[in-house]
Engineer: 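Can you read through this structure? Questions will come right after.
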Amino acid sequence: MPELPEVEVVRRRLSALILDRAITEVRVSRANYAFLTLPAQLRRRLLGRRFLEIKRHGKYLLFDLDDASRLVVHLGMTGQLITSHAVNPRLYHSREKAPNGARGEFVPDEHTHLSLDFADRGAGLHFRDTRKFGKLLWLPEGAEDPRLTRLGVDAREITATQLAEASARRGIAVKALLLDQAVLAGVGNIYADESLFLARIAPLRKAHSLTEREVKVLTQCIRRVLERAIAKGGSTIDDYVHPDGSEGQFQHSFSVYGRDEKPCRRCCTLIKRVVIGQRSSHFCPNCQR
DNA sequence: ATCTGTCCCTGGACGC
DNA sequence: TGCGTCCAGGGACAGA
């Protein structure tokens with residue numbers, strides 16, 4: 001489940017690989033839930049262009065093209081952006097074996113929705129997404145999309161003032177507030193749980209019940225957790241891999257996420273799991289108040 | 001304006 | 001072994 005750190009790592013690594021290379025071929029799958037821009041149009045818009053820069057806002061990747069249009073990509077739950085050199089069993093359907101054993105090229109399968117070739121015959125790029133919660137959208141020059149305009153400040157840059165302002169008038173659980181992309185963009189289930197643990201705040205606390213001090217601490221903890229995760233290449237749990245097929249390592253540093261019924265790393269109390277806003281939340285009942 | 005519940009999708013876990 | 005059922009989750013949307 002790619003969140004801000006995973007998307008940022010993909011952004012950085014892809015930037016080093018695909019910028020300023022002319023797109024010579026575009027292969028698209030049949031229209032499906034992931035295509036906000038229809039496959040044929042997407043192909044037409046990308047063919048012959050080159051990417052000048054990759055930006056990110058929250059969990060969205062923004063690929064700026066040389067005609068001032070833009071390709072918007074969201075990885076959803078299971079989206080992957082990988083080069084044709086990527087090797088990892090996570091890139092294949094469970095029924096299949098990785099072609100050519102461990103050292104093959106990536107072979108597009110039924111979950112590969114977009115593939116790009118580049119002029120210099122270096123690595124190609126593939127977008128793969130089994131559950132199709134990811135999104136592909138092409139925007140002409142200057143065009144806006146509510147998906148992007150509705151986003152709050154990028155979570156790496158959230159300030160205590162902004163978080164305080166948002167929480168003051170919200171009666172929802174603080175965990176649900178952190179997941180609200182209109183408040184701060186990029187935090188998902190993993191990093192919301194990890195941030196709240198670090199800040200020692202219980203996820204079920206009402207947002208407007210937080211003290212000024214707590215909001216300040218939470219702000220710092222969100223930023224700290226995100227930076228640590230980026231430094232470790234993000235978290236690989238089910239599907240997330242780097243563009244070259246390698247894996248993130250932050251999953252080994254989780255304090256609470258996915259650790260229900262395991263002892264808290266701080267106090268040994270068993271980590272609990274509750275459902276907040278249809279999402280599972282993990283916390284230490286002793287450390288987090 | 002804010003909040004809650006439902007839905008999209010598919011592989012994996014689990015029970016029988 | 002093989003089937004059915006449930007669950008995970010980001011975000012859009014409908015309805016309260």
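Keep in mind that what you see is a predicted model, and the values were worked out from it rather than measured. Here is how names work: the chains are called A, B, and so on, in the same order as the sequence lines, proteins then strands, and each is numbered from 1.
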Engineer: Side-chain heavy atoms under 4.5 Å apart, restricted to Ile/Leu/Val/Met/Phe/Trp/Tyr: what other residues fall into the cluster of F197(A), or is it alone?
Structural biologist: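 Besides F197(A), the cluster holds V256(A), I271(A).
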
Engineer: Does anything in residues 152-180 of chain A reach DNA chain B, meaning a heavy atom under 4.0 Å, and if so which residues?
Structural biologist: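 Correct list: R169(A), R170(A), G171(A), I172(A).
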
Engineer: When you compare the protein's N or O atoms with those of nucleotides 5-9 of chain C, which come within less than 3.5 Å of each other, and at what distance?
Structural biologist:
residue	atom	partner	partner atom	Å
dA8(C)	OP1	R273(A)	NH2	2.3
dA8(C)	N3	R131(A)	NH1	2.8
dG9(C)	OP1	Y257(A)	OH	2.7
dG9(C)	OP2	S280(A)	OG	2.8
dG9(C)	N2	R131(A)	NH1	2.9

Engineer: From CD of E110(A) over to P of dC9(B), roughly how many Å is that when rounded to an integer?
Structural biologist: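 Roughly 16 Å, once rounded to whole Å.
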
Engineer: Expressed as a whole number of angstroms, how long is the span from L36(A):CG to dC8(B):P?
Structural biologist: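 The answer, rounded to whole Å, is 17 Å.
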
Engineer: Tell me the closest heavy-atom pair linking R205(A) and T211(A), and the distance in Å.
Structural biologist: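 The pair with the smallest heavy-atom distance is NH2-N, 4.5 Å.
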
Engineer: Apart from I276(A) itself, what residues make up its hydrophobic cluster, given side-chain heavy atom links below 4.5 Å?
Structural biologist: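 Grouped by the 4.5 Å side-chain rule, L204(A), V274(A), F283(A) form the rest of the cluster around I276(A).
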
Engineer: I'd like a list of close polar pairs between nucleotides 13-16 of chain C and the protein, N/O only, cut-off under 3.5 Å.
Structural biologist:
none

Engineer: Is any side-chain N or O of Y33(A) under 3.5 Å from a base N or O of dC9(B), one able to act as donor and the other as acceptor?
Structural biologist: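 Side chain to base: no pair below 3.5 Å.
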
Engineer: Expressed as a whole number of angstroms, how long is the span from D238(A):CG to dG12(B):C1'?
Structural biologist: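 Those two atoms, CG and C1', are 9 Å apart.
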
Engineer: Angle between the two end axes of the helix from dT2(B)-dA16(C) to dC16(B)-dG2(C), five base pairs per end, rounded to 10 degrees?
Structural biologist: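 Between the first-five-pair axis and the last-five-pair axis there is 50°.
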
Engineer: Is the closest side-chain heavy-atom distance between I222(A) and L198(A) below 4.5 Å?
Structural biologist: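 No. Closest side-chain heavy atoms not under 4.5 Å.
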
